[in-house]
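Reading through the structure tokens given below for one structure.
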Amino acid sequence: MTDVSVRFAPSPTGRLHVGNARGALLNWLFARKSGGSFLLRLDDTDTARSTDEFAKGIEADLRWLGLDWDRFAKQSDRFALYAEATEKLKASGRLYPAYETPEELDLRRKIQLSQKKPPVYDRAALKLSDAERAKFEAEGRKPHWRFKLNRGTTAWDDIIHGRVEIDMASLSDPVLVRSDGYPLYTLSSVVDDGDLKISHVIRGEDHVTNTAAQIQLFEALGYMVPVFGHFSLLLDADGGGLSKRLGSLSLADLREQGIEPMTLNSLLARLGSADPVEAQTDLNALIAGFDLSRFSRAAARLDPHDLDLINAKLLHATDFAAVRDRLPAGATEAFWLAIRGNIGRVAEAADWWPVATGEIDAVHEDPVVVAAAVEVLPPEPWDATTWKVLTQAISAKTGAKGKALFHPLRLALTGRDKGPEMAQLLPLIGRDRAVKRLTGK
Ligand code: GLU
């Protein structure tokens, strides 16, 4: 059995968004579940668009999610390997120079389409004579380099799709090297996956056709062909392509909006699989139930409302230690335990802090109940049982029951008509503040 080794390979041309995060998480879970290793590879061969700042941002986004990596590689450090592979392919006759300009290729594609033919590269460059090639070179044209695909069928057993068979006649020979000598994704990705001994390539299904060409390239370069798993794409709740709002929603935006990393992890680890989504506060809890083969080929629907629901559930189960730094200064564990079931975002704790410890505008809806409360208010110390003692005493005195009893008391003591359990809030408010709120003095 091969050691499991997977990778997440973003291009540092922007920050991570929800879709990228899913790819990162599924690979990470796969590695952790199997005791394998997880490689972070920055696909930064496009030096014009890749920046160090985005690279740092991606690392920060992954750390925020809680995803650590065992290995790290940067394609810009590895150009020599791609050059070596290029020479190898040229020597074996699998890489051929082509001189068409983008405009010429575009025109040819349009003609093919108008003739109802698939827009597949016609391999005209393979038919060039030495004299024709020399003429292009003399004109100053620099060739780009295409990988000559073997015809027939390329097939693999995909973890999610099952058996996939691609008729290679439907694919253009991929360009591996640009006319300025830069290696393109197909080449650099296969060289790295091969050289770094990636055992499983887990990525979005938009790469399915790339996979067929890449399998041939792995073979041509003498590398072991990895196992592939292509997860479905994310769709909006209404089944449309992931909207701009969501699809381009960066992790940085979500964090800004108060979405917890484990909210996102909890959802993305199960979305599109046969397993239910549960709000988990710990990544380890997601590893145990993770099984890539339970993911469906059908598109996964992401409803932003689910993020809100999971976030609230998650906070409800979150320990004080995990949020203490983000609570108002002085906030205690008792305060957190009292309010965590009533907030959707950690930042909302700040709304409850004055209710527990500061000034509020008390509302006196029923003066009789409020006056009775002042009279029977027990002496401190107060604890979670005080509320019951108090309300029973007021009820005995006034005959008020149920909502007629609880509602005016909550309004007077908190200034709000709903919120956390009064039994937990009352000891936080304390007797002095309670008297003040009940008497208005
Ligand atoms: N950098 C490529 C991308 O972001 C990696 C694709 C792959 O996983 O092979 O699309």
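Just so it is clear, the model here is predicted, and its values are computed rather than measured. This chain uses plain numbering: 1 for the first residue, then up along the sequence. Both counts, for ligands and for their atoms, begin at 1 and track the order of listing. Reckoned from all heavy atoms, side chains included, excluding hydrogens, waters and symmetry mates.
With sequence neighbours excluded, the residues that form a salt bridge (charged side-chain N to carboxylate O under 4.0 Å, His left out) with D46 are R49.
Under the side chain to side chain donor-acceptor pair (under 3.5 Å) test applied with S76, the options D44, T47, T45, D43 reduce to a single match, D44. A side chain to side chain donor-acceptor pair (under 3.5 Å) with R15 is found for one member of D61, D253, N20 and no other, namely D61.
A side-chain donor-acceptor contact under 3.5 Å links K33 to the backbone of A288.
The immediate protein surroundings of ligand 1, defined as residues with any heavy atom under 4.0 Å of it, consist of R7, A9, S11, D43, Y185, S189, R203, H207.
Shown here is K127, whose NZ atom has more than 12 heavy atoms of other residues, nucleotides or ligands within 6.0 Å. The 12-atom threshold is not exceeded at NZ of K197, counting heavy atoms of other residues, nucleotides or ligands nearer than 6.0 Å.
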